[in-house]
Amino acid sequence: MGGTFLATNPYKGTRDFYPEDMRLRNWFFSKMRDVVEQYGYEEYGGPILESFDLYAAKSGQELVNEQIYHFEDKGNRRLAIRPEMTPTVARMVASRINELAFPLRWYSIANLMRYERPQKGRLREHWQLNVDVFGEEGIHADFEILSLIVDLMQAFGADGGMYNLRISNRRFFNDVMREVLKAAPEQIHVISKAVDKRSKISEEEYRNWLADSGISPEQVAQLDKVFASSFEELCACLPADSRGVAELQGLFSLLEETGFNSFCEFDFSVLRGFDYYTGTVFEVFDTSPENRRSLFGGGRYDDLIGLFSKQAVSGIGFGFGDVTFQDFLQIHNLIPADLAATGEVMIATFEDTPYREYARLSSELRSAGIANNIYLDVSAKMKKQLTYAERKGFPVVVFLGRQEIEDGAVVIKHMARREQETVSRGEYLEKLRGWLKS
RNA sequence: GUGACCGUAGUUCAAUCGGUAGAGCACCAGAUUGUGGAUCUGGAUGUUGCGGGUUCAAGUCCCGUCGGUCACCCCA
């Protein structure tokens, strides 16, 4: 025997996109593209392989390095498959820093890979929409990104009840820690980690974590008070010149004035990882009980291109992955049922008719802008041809046989209505168009 | 990296205490030689993920491995 066959399953944590899967992905990414381009964002792209140093240099996180696919090429260059898009954009921006007109509004839709254990909402390869504003420090950019997110969600019919957009600010957080808790810089780091975990771990674990990290009982008490306080009360505790306060107040008054505030809320516990973010941070949560998780998030970082240039470029943006988003769409029933196949017309064939007639008809339809297939096996029974047409979801089948050629006509058949009629070659296109519209 | 559960036909699943693997759907052919969703008739299909062990006998028990799912870890 020929031995064993190769496995047909895709590599762990990656997915095959069969035509129906591709339709879904194309559907939502093109919708996203529409929204983002209406905001005047420009698309960019980059290579899937980058120098390993591009990632290794960045903040030197061991864990990130463990999640990077890397290897050596034939010229002994150390390469990595991109695990995120930001270093690539940073490189691109830095490379043309003097030529680009800031602020930039850029977006990309790219596939990324990370070596990790697949689980719900997270695979080894995923596709992600990245949207950023570069070179603008003011909160107008922050506001724009947040309103863009709301519009993005709305484009899919997601209303405020389906998701939460929670917003905070790293500067504000740091100010509160310093002024209210009198926390030292190292303590702030520890506290932010504990706060980040707060919703996931038990009350006891949370308190132990803080105590074990050298946070005094007084500080813990203050922290409890902070969480019980409103945004306004917290602001009152901070100096009048607090930048964090000014940014959050400015941002929220803009959101209120434009009506976007009904989708947004202040949430002191939103922190989004570390170091990276310096100002506004935000996170979008799914509100459905089955999927109470973060869909995506982002924030402001002060220096995007420090690795490449002396000049600092501030930016704000987010990355929105397809895996979590698909879960979201499914749970909230936001995927349209009629993401149909692309073919509009199938041309049925007969053995006793010259094939060139079908080639001509097909070309005639294409010129008219009607996508079509010729049934290739002319000896196949009509039952088989029609079954095929039905399974493929062709709304219309056209018959062209000896009789029709003699009469200068075609038979067009409306599959869903199970009706058909004979129409002259001069008029069938118009009739067909009418059918395809409805 | 740690832990839990799962892996049987294309698919969804069944198989009693360990006793020689079966059903629905789907598929193919025909009833219908130029007309599809129903019905009827017939048909094909498995190294039970893989490798080893225990046993007279393993889909079933044990070990390993690969794959899937989920949680932890981590998070763009």
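Checked for salt-bridge contact, A:Glu247 and A:Arg243 meet the test: a charged N lies under 4.0 Å from a carboxylate O. Salt bridge status for A:Arg170 with A:Asp302: absent, with no side-chain N to carboxylate O gap under 4.0 Å.
The side chain of A:Gln119 lies closest to B:A71 when the candidates are B:A71, B:C75, B:C74. Taking only side-chain atoms of A:Met415, from C-beta outward, the nucleotide of B:G36, B:G67, B:C74 with the closest atom is B:G36. Proximity note for A:Arg117 (side chain, C-beta onward) versus B:U2, B:G34, B:A31: the nearest is B:U2. Residue A:Lys120 places its side chain closer to B:A71 than to any other of B:C74, B:A71, B:G68.
Atom CZ of A:Arg122 and atom C1' of B:A76 are 9 Å apart (whole Å). If you take CD of A:Gln67 and C1' of B:C72, they are 14 Å apart, rounded to a whole angstrom. One atom, CZ of A:Arg114, and another, P of B:A76, lie 7 Å apart when rounded to the nearest Å. The OH atom of A:Tyr388 sits 12 Å away from the P atom of B:C28 (whole-angstrom rounding). Distance CD1 (A:Ile48) to P (B:A76): 20 Å, rounded to an integer number of Å. Whole-Å rounding puts the A:Glu125 CD to B:A76 C1' distance at 15 Å. Between the CZ atom of A:Arg15 and the P atom of B:G67 there is a distance of 18 Å, given to the nearest Å. Going from atom CZ of A:Arg293 over to atom P of B:C75 covers 16 Å, rounded to whole Å.
In summary, of the residues considered (A:Val35, A:Asp132, A:Val133), a side-chain contact (heavy atoms from CB on, under 4.5 Å) with A:Tyr41 occurs for A:Val133 alone.
Judged by a 6.0 Å distance limit and a 45° cone about the ring axis, A:Arg78 is positioned over the six-membered ring of A:Phe52. Cation-pi geometry between A:Arg105 and A:Tyr39 is not met at under 6.0 angstrom from the ring centre and within 45 degrees of the axis.
By the neighbour-count criterion of 12 heavy atoms within 6.0 Å, atom OH of A:Tyr115 is sparsely surrounded, having that number or fewer from other residues, nucleotides or ligands.
Taking atom C1' on both B:G19 and B:U32, the two are 48 Å apart, rounded to the nearest angstrom. Spacing between B:U16 and B:G59 at atom C1', rounded to whole Å, works out to 14 Å. Separation of the C1' atoms belonging to B:A23 and B:U45 is 14 Å when rounded to the nearest angstrom. B:G43 and B:G24 have their P atoms separated by 13 Å, given to the nearest Å. Across the C1' atoms, B:C5 and B:G46 are found 25 Å apart, a figure rounded to whole Å. Rounded to whole Å, the C1' atom of B:C75 lies 32 Å from the corresponding atom of B:G49. Only the P atoms considered, B:A76 is 30 Å distant from B:C66, to the nearest whole Å. Nucleotides B:C13 and B:C6 place their P atoms 14 Å apart, quoted to the nearest Å.
The CD atom of A:Glu404 sits 10.0 Å away from the CZ atom of A:Arg425 when rounded to the nearest 0.5 Å.
Judged by Watson-Crick or G-U wobble contacts below 3.5 Å, the nucleotide B:U41 has B:A29 as its partner. For B:G3, the paired nucleotide is B:C70, the pair qualifying as Watson-Crick or G-U wobble because both relevant distances are below 3.5 Å. The partner of B:U20, taking Watson-Crick or G-U wobble pairs whose two distances both stay under 3.5 Å, does not exist in any strand shown. Pairing of B:U60, defined by two Watson-Crick or G-U wobble distances under 3.5 Å, is not identified with any nucleotide. Pair assignment for B:G46 gives none, since no Watson-Crick or G-U wobble pairing has each distance under 3.5 Å. Using N1 to N3 plus N6-O4 or O6-N4 for Watson-Crick, or N1-O2 and O6-N3 for G-U wobble, each under 3.5 Å, B:A14 pairs with nothing. B:G36 makes up no base pair with any nucleotide shown, lacking Watson-Crick or G-U wobble contacts both under 3.5 Å.
Nucleic acid contact class of A:Gln403 (heavy atoms, under 4.0 Å, all strands): base. Counting non-hydrogen atoms under 4.0 angstrom, A:Arg402 reaches a base of the nucleic acid. A:Gly299 comes within contact range of no nucleotide atom at all, as no heavy-atom separation falls under 4.0 Å. Within 4.0 Å of A:Phe399, counting heavy atoms only, lies at least one base atom of the nucleic acid.
Between A:Leu112 and A:Ala416, the one whose closest nucleotide on RNA chain B sits nearer the 5' end is A:Ala416. Positionally, the nearest nucleotide of RNA chain B for A:Arg391 lies more toward the 5' end than for the other of A:Arg391 and A:Gln420.
A:Ile347 approaches A:Leu365 most closely through the heavy-atom pair CD1-CD1, 3.9 Å.
The base of B:G34 lies close enough to the side chain of A:Glu404 for a donor and an acceptor atom to sit less than 3.5 Å apart. Residue A:Lys413 places a side-chain atom within donor-acceptor reach of the base of B:U35, judged by atom type and a 3.5 Å distance cut-off alone.
Dashed line: the shortest gap from a side-chain N or O of A:Lys384 to OP1 or OP2 of B:A29 is under 4.0 Å. The phosphate of B:G30 (OP1 or OP2) has a side-chain N or O of A:Lys381 nearer than 4.0 angstrom.
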